[in-house]
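Everything numeric in this text was worked out from a predicted model, so none of it was measured.
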Amino acid sequence: MHWPPLIYHSCYSELQLPDRHRYPIGKYCALYQALLAAGVPLDCFVEPTSATQAELALVHDTLYIEALCSGQLDAKAIRRIGFPWSEFLINRSLRSVGGTIQTAQLALQHGLALHLSGGYHHAFAGEGSGFCLFNDLAVAARVLQQQGVDKILIFDCDVHQGDGSALIFADDPNIITASLHGEKNFPARKQQSDWDLALPNGCTDAPYLEAVQQSLDYLLALHQPDLVLYDAGVDIHQQDDLGLLSVSTQGILARDSCVINRCHELKIPLAAVIGGGYQRDLVALTAVHLQLFKAAFASRQLPIDIQT
C-alpha cells in the first residue's frame with residue numbers, strides 16, 4: 001500500500017487568538033486527530049521545516065519580510081492581515097509555508113501529497129491580507145520552479161479569489177493561476193488570473209461541478225503542467241459562514257475526487273492544501289475538510305473508510 005504523505009505540524013492550531021475571532025484556528029488539529037481516529041497510520045504524517053528567508057524572498061519584498069517578521073509592520077497593515085502580531089504567529093506562518101513547499105516536493109516523488117494547512121493566497125508580494133501573511137502557494141511554486149519544474153498550475157477552488165497569486169504571477173507564463181470563486185465574495189477588488197471563473201451566490205452542486213470539470217480539463221490540456229498545486233478550500237459549502245455558495249458535502253467530495261483522479265489518470269503530480277473553511281462548528285467543519293482525504297485515499301484504493 002502506498003499512502004500519500006500528509007504534512008502537518010501541531011503549531012498550526014496552537015496560535016492564541018482573541019475570543020470569538022473569525023478564524024477557526026482549531027481545525028488543523030481537529031483534522032489531524034480525525035485522520036488518526038479513522039485509522040491513518042502515524043508514519044504517513046510528515047513534520048515540515050520552516051520556510052527560509054531566501055525562499056520567501058523568491059516571492060515577497062525583502063522590506064515586507066523584515067518588517068513583518070520583526071514586528072515593525074504598521075498597525076493598518078496588521079489589521080488588513082486580520083491576526084494580532086506575535087512571534088508565534090510568524091513562526092507558525094513560516095512552518096506552514098515550509099509545509100506547502102514540502103508537500104509540492106513530496107508530490108513530485110509520490111504523485112500525490114496533502115497538506116493539513118496552506119492556501120494563503122491573499123498575500124501579495126509586499127503586503128498581507130485576509131488572514132494571509134505569506135503566500136505559501138506562490139513560494140512553493142517559485143521554489144519548485146528553481147528546482148527545475150517547468151510548468152505549474154495553481155488550481156484554486158477556494159470560494160475567495162486567489163488575488164495575491166494572480167498578481168504575483170501575472171507576468172510568468174510558466175506558472176498558471178486559475179481561480180474558481182464566488183463572484184460577490186471577498187476580495188471586493190479582484191485581480192486577473194490566467195483563468196477566472198466567478199460563480200453566482202447560491203451556486204449548487206451540478207453547475208459547480210460542471211465548472212470545475214470543464215475548467216480543469218481545459219487547463220490541463222492547454223498547459224500540460226508538470227505539477228498541480230490544488231487549493232481545496234471548503235468555504236464553498238452550503239453551511240459555511242463566509243461562503244455564499246451552496247455546495248453540499250457530497251459535492252465537495254465529488255470536486256476533490258474529480259481533481260485528484262484526473263491528475264492521477266494523466267500522471268500529473270498533485271500537491272493539495274486544505275484552504276479556507278469558516279464554519280464555527282468545528283466538528284462540522286472538520287467533516288467537510290475530510291472530504292479531500294477521503295477522495296485521496298479512494299483514488300489510491302486504500303483500505304480506510306472515513307465516516308462523515
Side-chain angles (χ1 to χ4, degrees), residues 1-15 24-51 92-120 136-137 139-141 143-144 154-158 227-234 249 252-253 255-261 263-264 268-277 282-283 285-308:
M1 290 184 293
H2 299 286
W3 292 82
L6 308 178
I7 292 77
Y8 171 75
H9 196 281
S10 61
C11 74
Y12 293 165
S13 280
E14 291 172 353
L15 180 66
I25 198 67
K27 71 178 185 177
Y28 306 101
C29 180
L31 182 57
Y32 171 68
Q33 295 293 342
L35 288 167
L36 288 177
V40 176
L42 187 60
D43 61 7
C44 289
F45 291 93
V46 177
E47 185 172 293
T49 57
S50 297
R92 177 195 177 275
S93 299
L94 294 176
R95 185 79 71 163
S96 192
V97 175
T100 298
I101 294 170
Q102 285 177 260
T103 304
Q105 292 169 332
L106 287 166
L108 291 174
Q109 297 174 32
H110 298 271
L112 175 65
L114 304 102
H115 190 194
L116 279 70
S117 182
Y120 301 108
D136 61 305
L137 295 164
V139 175
V143 170
L144 272 291
I154 300 176
F155 193 66
D156 192 335
C157 290
D158 193 279
L227 172 69
V228 173
L229 302 180
Y230 173 42
D231 186 336
V234 302
T249 301
I252 288 175
L253 176 61
R255 177 200 67 180
D256 294 343
S257 297
C258 171
V259 176
I260 291 170
N261 291 337
C263 289
H264 186 50
I268 301 171
L270 176 70
V273 302
I274 68 167
L282 202 59
V283 174
L285 176 57
T286 302
V288 183
H289 274 303
L290 278 169
Q291 303 311 305
L292 173 65
F293 300 86
K294 190 173 184 178
F297 300 150
S299 76
R300 299 311 193 257
Q301 299 181 322
L302 293 168
I304 187 167
D305 184 20
I306 295 176
Q307 298 295 328
T308 54

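Using a 4.5 Å cut-off on side-chain heavy atoms (C-beta onward), F155 and V259 make contact. Inter-residue side-chain proximity for D231 and L137 is flagged as met; some heavy-atom pair is nearer than 4.5 Å. Here the side chains of H264 and R300 are in contact, with some heavy-atom distance below 4.5 Å. Side chains of L42 and L36 form a contact here, defined as non-hydrogen atoms less than 4.5 Å apart. Counting only heavy atoms from C-beta outward, the side chains of T100 and V139 never approach each other to under 4.5 Å. Here the side chains of P48 and Y12 are in contact, with some heavy-atom distance below 4.5 Å. L35 has its side chain within reach of F45: a pair of non-hydrogen atoms, C-beta onward, lies under 4.5 Å apart. Contact annotation: the side chain of R255 approaches that of I252 to within less than 4.5 Å [non-hydrogen atoms, C-beta and beyond].
Here the two rings, on Y28 and Y32, have centers that are 6.0 Å apart or farther. Aromatic rings of Y230 and H115 (six-membered ring for Trp) have centroids beyond the 6.0 Å cut-off, not under it.
Atom SG in C263 sits 4.5 Å away from atom CG in L270 (nearest 0.5 Å). Taken to the nearest 0.5 Å, the CG atom of L15 stands 8.0 Å off from the OG atom of S93.
Across every non-hydrogen atom of A51 and V97, the tightest pair is CB-CG1, 3.7 Å. In terms of heavy atoms, L290 sits closest to A34 at CD1-CB, 4.0 Å. When all heavy atoms of D256 and A232 are compared, the closest pair comes out as OD1-CB, 3.9 Å. Of all heavy-atom pairs between P24 and G277, the closest is CG-O, 3.2 Å.
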Problem - Test log, rule side chain to side chain contact (heavy atoms under 4.5 Å, CB included), inputs V40 and L6 - result: CA-CA 10 Å; V40 176; L6 308 178; 3.7 Å; yes
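Partner of R95 under the side chain to side chain contact (heavy atoms under 4.5 Å, CB included) criterion, out of C11, S117, S10: C11 alone. Between K27 and the options L285, V234, L116, a side chain to side chain contact (heavy atoms under 4.5 Å, CB included) holds for only L285.
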Let me have the donor-acceptor pairs involving side chains of residues 101-114, under 3.5 Å, with sequence neighbours excluded, atom names and distances please.
residue	atom	partner	partner atom	Å
Q102	OE1	T49	N	2.6
Q102	OE1	T49	OG1	3.2
T103	OG1	G99	O	2.6
Q105	NE2	Q147	OE1	3.3

Contacts under 3.5 angstrom, residues 291-299 side chains, donor-acceptor by atom type, not counting sequence neighbours:
residue	atom	partner	partner atom	Å
Q291	NE2	A287	O	2.8
Q291	NE2	T308	OG1	2.8
S299	OG	A296	O	2.7

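Counting only distance, with no hydrogens or angles, the side chain of S96 and the backbone of R92 share no donor-acceptor pair below 3.5 Å. Not one N or O on the side chain of T249 forms a donor-acceptor pair closer than 3.5 Å with the backbone of V288.
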